[in-house]
Amino acid sequence: MRKKIYKFSLFTLSLFTFLFVSCDSGDIEEQSYNVTDKGHTVKLTAVLSGIESWEKKYSVSLAGFTTGDNYAQVVRTIPYTTSNTQMELVLANIDDNINTVELVITNRLRERVITLASVNMDEYVNVKDTIRMDLGLIDVSRFGALQLGLFDKACILCHGGNGGTGAANLNLTEGMSYANLVNVPSTRKEGMMRVTGGNAQESLFHQIMAEGGENLLHVNHTEILSNQFRENLNEVRQLIDDWINSLGDNNE
Ligand code: HEC
């Protein structure tokens, strides 16, 4: 007898729920959609080298960002121990307000320092499957980050990307950039080095990227930089300086 009452009330309850749902379909439907849809999943596979070369205040991360905001909404730090091994990292529950998922250097505040690779989530709105980010072998050291995040993105268009030596005889493509910059005399500014190892302030590279560097050359490089890095301009400038200043120590 008791059992029956129990069953009956359960039935009433579900009937009530059913009526409730059908009366108020609009909102409820959307809510239940959100409950079953836990968002997107991105899976990174890669062999990363140079993670261990970063100071502790920086992390190599897989992180989700909203356009216009330099602070990551979700972050997974890639452990130092995975350096030079085939690794796999999953970022799940990525909701709709995240526009890009990036392999990125972040600082302690979860701010973007520089982006090495990016997936545009807006292209996957209706995709339910795991989104794969296969990057192969990549160098994520400080200089590797400058190559992928800065030179490849904002410089090789003019400096060597089309097979030539590049504007001002400066080739910034992968494998060429370091030897074209470090302790190489400027072809434009008499007596200056493109990069003076260990001294950012005295390096033309630093000067043309910094505020006030607009008119040093015939091409406004300060503007090129600020157009490309709207959200993380200061972080990129700091990274350039940190790299140049570190050159005295270990030439990395
Ligand atoms: C729109 C084309 C263009 C882009 C993009 C560009 N540059 Fe240049 N760059 C030039 C030109 C042209 C010169 C020579 C300017 C002159 O003669 O005054 C130059 C000169 C330089 C020099 C001085 C070379 C020397 O020997 O003195 C450096 C360093 C430099 N660029 C670095 C960069 C970096 C780093 C980037 C990316 C952030 C970049 N450039 C992006 C066109 C470009």
Side-chain angles (χ1 to χ4, degrees), residues 50 53-54 58 60 65 67-68 70 100 102-107 111-118 120 138-252:
S53 69
W54 287 93
Y58 296 110
V60 181
F65 292 89
T67 306
N70 204 39
T100 56
E102 305 176 9
L103 175 67
V104 60
I105 308 302
T106 48
N107 64 19
E111 261 184 306
R112 178 198 280 122
V113 176
I114 198 164
T115 304
L116 309 186
S118 179
N120 181 357
I138 71 171
D139 174 5
V140 299
S141 68
R142 187 152 36 200
F143 190 70
L146 283 176
Q147 183 68 51
L148 284 167
L150 176 66
F151 303 151
D152 288 356
K153 203 179 279 177
C155 316
I156 62 171
L157 175 73
C158 300
H159 290 287
N162 47 16
T165 47
N169 217 5
L170 169 61
N171 187 333
L172 291 176
T173 56
E174 193 182 354
M176 299 299 287
S177 49
Y178 188 98
N180 270 255
L181 285 171
V182 181
N183 302 327
V184 175
S186 161
T187 58
R188 293 295 183 274
K189 292 278 163 198
E190 184 90 50
M192 278 210 82
M193 294 285 185
R194 288 169 172 173
V195 167
T196 303
N199 193 335
Q201 300 301 318
E202 303 242 306
S203 300
L204 187 60
F205 180 20
H206 158 88
Q207 293 186 4
I208 60 174
M209 297 295 148
E211 228 169 294
E214 291 81 357
N215 302 316
L216 281 175
L217 297 177
H218 294 119
V219 169
N220 183 345
H221 283 71
T222 312
E223 194 181 24
I224 293 172
L225 196 75
S226 53
N227 282 341
Q228 187 73 40
F229 302 98
R230 292 174 189 279
E231 288 145 18
N232 53 334
L233 180 61
N234 292 334
E235 287 74 15
V236 170
R237 281 183 170 147
Q238 188 64 52
L239 186 63
I240 293 170
D241 289 0
D242 286 352
W243 170 65
I244 299 175
N245 288 330
S246 75
L247 287 171
D249 325 335
N250 54 7
N251 268 10
E252 229 208 276

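What you see is a predicted model, and the numbers here were worked out from it, not measured in a lab. Whatever order the structure lists ligands and atoms in, that order sets their numbers, starting from 1.
In the model, Glu102 has a side-chain atom that pairs as donor or acceptor with a side-chain atom of Thr115 under 3.5 Å.
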Tabulation required: pairs of a nitrogen or oxygen in ligand 1 and a protein nitrogen or oxygen under 3.5 Å; columns are atom names and distance to 0.1 Å; otherwise 'none'.
unit_1: ligand 1; atom_1: 7 (N); unit_2: His159; atom_2: NE2; d: 2.8
unit_1: ligand 1; atom_1: 7 (N); unit_2: His221; atom_2: NE2; d: 2.8
unit_1: ligand 1; atom_1: 9 (N); unit_2: His159; atom_2: NE2; d: 2.8
unit_1: ligand 1; atom_1: 9 (N); unit_2: His221; atom_2: NE2; d: 2.8
unit_1: ligand 1; atom_1: 17 (O); unit_2: Arg188; atom_2: NE; d: 2.5
unit_1: ligand 1; atom_1: 18 (O); unit_2: His218; atom_2: N; d: 2.8
unit_1: ligand 1; atom_1: 18 (O); unit_2: His218; atom_2: ND1; d: 3.1
unit_1: ligand 1; atom_1: 26 (O); unit_2: Thr187; atom_2: N; d: 2.7
unit_1: ligand 1; atom_1: 26 (O); unit_2: Thr187; atom_2: OG1; d: 2.8
unit_1: ligand 1; atom_1: 26 (O); unit_2: Arg194; atom_2: NE; d: 2.9
unit_1: ligand 1; atom_1: 26 (O); unit_2: Arg194; atom_2: NH2; d: 3.1
unit_1: ligand 1; atom_1: 27 (O); unit_2: Ser186; atom_2: OG; d: 2.6
unit_1: ligand 1; atom_1: 27 (O); unit_2: Thr187; atom_2: N; d: 3.4
unit_1: ligand 1; atom_1: 27 (O); unit_2: Arg188; atom_2: N; d: 3.4
unit_1: ligand 1; atom_1: 31 (N); unit_2: His159; atom_2: NE2; d: 2.9
unit_1: ligand 1; atom_1: 31 (N); unit_2: His221; atom_2: NE2; d: 2.8
unit_1: ligand 1; atom_1: 40 (N); unit_2: His159; atom_2: NE2; d: 2.8
unit_1: ligand 1; atom_1: 40 (N); unit_2: His221; atom_2: NE2; d: 2.8

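The shortest distance between side-chain heavy atoms of Met192 and Gln207 falls below 4.5 Å. Using a 4.5 Å heavy-atom threshold, the side chains of Val182 and Trp243 count as touching.
Between Phe151 and Phe205, the ring-plane angle classifies as tilted under the 30° and 60° cut-offs. In this pair, His159 and His221 present their aromatic rings tilted. The plane angle is within the 30 to 60° band.
In the displayed structure, Glu214 atom CD is contacted under 6.0 Å by more than 12 heavy atoms of other residues, nucleotides or ligands.
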